[in-house]
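Pasting a structure below so you can have a look.
The structure presented is a predicted model; accordingly, all values stated were derived computationally and were not measured.
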Amino acid sequence: MPTKKFVEEFGFKVEQEVEELTDYETFPNKELLDDLRNKIIQNLIDNDIGELSNMDDFIKNEIKKTIEGYDLTNVEISYLHNLIDNEINGYGPITELLDDKNITEIMVNGINEIYVEIDGKVIKDTSVSFINKDHILRTIGRIIQPLGRTIDISNPMVDARLEDGSRLNAVIPPLSLKGPVLTIRKFKEELANVDDFLRTGALTPYMARFLEACVHAKLNIIIVGGTGAGKTTLLNVLSSFCFKDERIITIEDAAELRLKQDHIISLETRTSNYEGTGQITIRDLVINSLRMRPDRIIVGEVRGKEAFDMLQAMNTGHDGSMTTMHANGPEDGLNRLETMVLMNGIEIPVNAIREYIENAIDIVVQVQRFQDGRRRITHINEVVGIENGEIKQNPIFEFRQTGVLPKGDVVGEVGFDGSVSTDGDIIGYALYDFYVYDENFATYGYLSKDGTVLSSVGSRLGRIDRGFVVDKNGRVVARGNRDYIVRDLNNAPVGELHIDGEVTDFDGKNVGSLTDTGSIRNEDGEEVAHATPFQYYILP
């Protein structure tokens with residue numbers, strides 16, 4: 001007797017798995033959708049909707065009146081309502097993407113080709129679409145109109161900053177061959193300070209302390225990296241190390257830096273008007289900033305002739321200046337800088353330009369986005385001089401990739417070279433881990449790797465013992481400020497962190513070890529807790 005399947009024996013019907021429709025396929029008749037949209041929007045404009053107390057009900061009524069006689073499904077009616085609501089109260093189909101804090105970049109390549117970046121990874125978003133190319137163009141116009149910018153055939157490209165600091169770029173035909181293209185890079189507020197960089201593993205505590213010392217010593221720093229690597233975000237973090245009483249002038253194409261100091265002057269470039277006049281470039285602003293009595297000049301990015309003026313500022317008493325530029329590495333960055341100076345058309349020998357750059361730039365920092373989407377500082381180099389006609393750099397920190405985990409995560413280690421020049425004593429602080437402060441929060445000394453506390457000139461002051469600083473006589477002179485307590489991922493105290501990196505629970509049992517990224521991992525390599533950078537304060 002042949003066997004029957006269960007569903008055949010009892011007469012059950014198996015429902016076939018229905019493929020989920022994309023947003024673009026939800027309302028397939030695009031001509032009808034565009035026609036309904038135009039009618040509803042026009043009716044809303046013709047009526048005095050500003051005095052209505054319930055906008056949602058009014059929109060529903062307008063939709064209901066407009067779709068009479070059309071055979072639409074409930075799904076299509078709901079889709080139409082969401083479309084109109086976003087058109088009236090937001091920026092069209094990308095409204096929800098702009099509100100989503102997890103999305104760092106929005107890329108509109110076509111009517112149903114919308115890509116977003118989340119945690120450094122770019123994915124296609126099928127939950128968003130436009131009706132047609134004109135719909136994309138209308139959305140671009142809606143966004144840039146309050147900013148005083150326009151886009152049309154005579155001006156087919158626009159670069160602007162939104163109110164929240166996000167950067168917008170749009171290109172339309174004839175420059176774009178496939179229709180309007182929109183890119184919005186959202187400024188991620190979460191990476192607002194160095195602690196956030198430490199938690200994400202973008203740099204190690206050693207790197208953080210060294211970069212802070214470089215900024216305090218007013219060394220000239222240039223940050224290099226590719227598009228989307230996080231150059232501006234890192235520049236914002238380094239700028240936060242500046243002293244509060246300094247007069248800082250920032251110069252950008254689209255203002256993204258958000259400094260917390262009091263004495264800040266922010267300058268932004270201006271594009272030409274319809275007559276082709278009135279353009280103010282970064283070079284114009286750099287030259288003008290020299291007359292504004294700056295303590296520091298911070299340029300968002302150099303990409304052309306303004307590089308020469310930036311170097312002039314660094315070489316004429318404006319120490320502590322910082323900027324970013326696109327480059328594949330520290331060496332390529334200085335080579336590009338050399339090329340930018342030559343763009344000025346000034347007849348200067350190449351050797352003279354290299355000497356000019358070597359005198360101006362002290363530190364080169366490279367930031368890179370890896371295949372797992374994470375951004376890391378891969379190089380911190382010191383410019384040490386000219387050798388055989390080439391600018392020589394001394395690598396102080398270098399991230400070395402050692403492999404890729406099965407899930408695609410990049411793993412590696414940071415190499416540290418303590419051979420730093422002695423041109424400025426502050427550079428020597430890279431040899432030590434953490435600061436120690438007195439009761440007035442003035443620098444008392446530095447905590448070295450072996451647990452001893454050293455003065456600024458290297459003399460031994462004491463040692464670290466289970467969260468306390470002990471002097472030569474064994475007397476406790478300082479205590480840890482919360483940081484020697486280890487907290488789990490829910491911020492609950494779980495144990496103590498020792499100077500050798502060992503982590504114990506409160507009974508003294510080993511539970512893990514500290515990594516360079518500030519995370520606590522167990523014997524299996526799993527992250528179980530985190531620790532913040534050490535800071536110790538002298539007991540009164």
Side-chain angles (χ1 to χ4, degrees), residues 19-46 59-60 62-100 103 105-117 122-147 149-160 162 166 168-184:
E19 185 178 354
E20 185 178 353
L21 295 177
T22 65
D23 184 81
Y24 187 74
E25 297 169 335
T26 303
F27 204 121
N29 191 340
K30 299 302 177 184
E31 292 185 5
L32 175 60
L33 178 61
D34 190 40
D35 183 56
L36 293 175
R37 180 252 176 218
N38 292 336
K39 288 181 180 179
I40 295 170
I41 294 296
Q42 189 60 48
N43 290 339
L44 294 174
I45 294 175
D46 292 341
I59 293 176
K60 288 181 180 179
E62 284 297 325
I63 293 175
K64 185 177 181 180
K65 288 189 299 182
T66 305
I67 65 175
E68 288 182 359
Y70 294 97
D71 186 18
L72 301 179
T73 66
N74 290 334
V75 174
E76 290 174 333
I77 295 175
S78 176
Y79 182 89
L80 182 61
H81 180 273
N82 290 336
L83 174 67
I84 299 301
D85 183 58
N86 287 332
E87 293 283 331
I88 296 298
N89 300 314
Y91 294 112
I94 62 173
T95 301
E96 295 180 0
L97 303 182
L98 290 170
D99 296 335
D100 192 337
I103 295 176
E105 193 145 4
I106 304 169
M107 294 154 277
V108 179
N109 298 349
I111 53 179
N112 63 337
E113 295 181 40
I114 292 89
Y115 294 84
V116 296
E117 182 187 67
V122 177
I123 59 174
K124 186 175 183 179
D125 192 341
T126 58
S127 66
V128 179
S129 66
F130 290 84
I131 302 174
N132 48 38
K133 294 179 180 180
D134 289 338
H135 191 196
I136 302 177
L137 194 58
R138 287 196 298 265
T139 301
I140 296 173
R142 174 78 182 274
I143 297 174
I144 65 175
Q145 186 178 8
L147 307 176
R149 302 293 182 88
T150 59
I151 189 168
D152 49 37
I153 295 178
S154 60
N155 185 32
M157 184 170 59
V158 65
D159 192 33
L162 306 184
S166 299
L168 175 145
N169 179 270
V171 183
I172 66 172
L175 299 184
S176 173
L177 302 182
K178 62 184 301 182
V181 176
L182 173 65
T183 307
I184 298 178

Inset, instruction - For Leu147, enumerate each residue passing the side chain to side chain contact (heavy atoms under 4.5 Å, CB included) test, keeping only those at least two apart in sequence or located in another chain. - result: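 Applying side chain to side chain contact (heavy atoms under 4.5 Å, CB included) to Leu147 gives Arg149, Ala160, Leu162.
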Inset, instruction - Please list all pairs passing the salt bridge (charged side-chain N to carboxylate O under 4.0 Å, His left out) test where one or both residues lie in residues 122-135, with sequence neighbours left out. - result: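 Checked against salt bridge (charged side-chain N to carboxylate O under 4.0 Å, His left out) - neighbours excluded - no pair reaches residues 122-135.
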Legend entry - side-chain hydrogen bond (donor to acceptor under 3.5 Å, both in side chains) partners of Lys65, counting only residues at least two apart: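 side-chain hydrogen bond (donor to acceptor under 3.5 Å, both in side chains) check on Lys65 returns Glu62.
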Inset, instruction - Apply salt bridge (Lys or Arg N to Asp or Glu O under 4.0 Å) to Lys30 and list each qualifying residue two or more places apart in sequence or on a separate chain. - result: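 Partners of Lys30 by the salt bridge (Lys or Arg N to Asp or Glu O under 4.0 Å) criterion come out as none, since no residue qualifies.
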Inset, instruction - Only counting residues at least two apart or in another chain, list the ones meeting side chain to side chain contact (heavy atoms under 4.5 Å, CB included) with Asn169. - result: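 Side chain to side chain contact (heavy atoms under 4.5 Å, CB included) list for Asn169, sorted by chain: Asp159, Val171.
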Legend entry - More than 12 heavy atoms of other groups within 6.0 Å of Ile153 CD1: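 Not buried by this count: 12 neighbours or fewer within 6.0 Å.
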Inset, instruction - With sequence neighbours excluded, give me every salt bridge (charged side-chain N to carboxylate O under 4.0 Å, His left out) pair touching residues 80-93. - result: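 Sorted result for residues 80-93: Arg37-Glu87.
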Legend entry - Student check: side-chain heavy atoms of Leu83 and Leu33 closer than 4.5 Å: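 Yes. Closest side-chain heavy atoms under 4.5 Å.
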Inset, instruction - Would you please name every residue forming a salt bridge (Lys or Arg N to Asp or Glu O under 4.0 Å) with Glu113, sequence neighbours left out? - result: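 For Glu113, the residues satisfying salt bridge (Lys or Arg N to Asp or Glu O under 4.0 Å) (neighbours in sequence not counted) are Lys178.
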Legend entry - side-chain hydrogen bond (donor to acceptor under 3.5 Å, both in side chains) involving Asp35 - partner list, sequence neighbours excluded: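 So Asp35 forms a side-chain hydrogen bond (donor to acceptor under 3.5 Å, both in side chains) with Lys39.
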Inset, instruction - Output all residues satisfying side-chain hydrogen bond (donor to acceptor under 3.5 Å, both in side chains) with Ser166, sequence neighbours left out; order by chain, then residue number. - result: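 Ser166: side-chain hydrogen bond (donor to acceptor under 3.5 Å, both in side chains) contacts with Asp164.
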Inset, instruction - Would you check if the side chain of Thr139 reaches a backbone N or O of His135 as a donor-acceptor pair within less than 3.5 Å? - result: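 At least one qualifying donor-acceptor pair exists.
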Inset, instruction - Specify the closest pair of heavy atoms between Met107 and Val116, including all atoms of both residues, with the distance to one decimal. - result: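 Scanning both residues, the minimum pair turns out to be CE-C, 4.1 Å.
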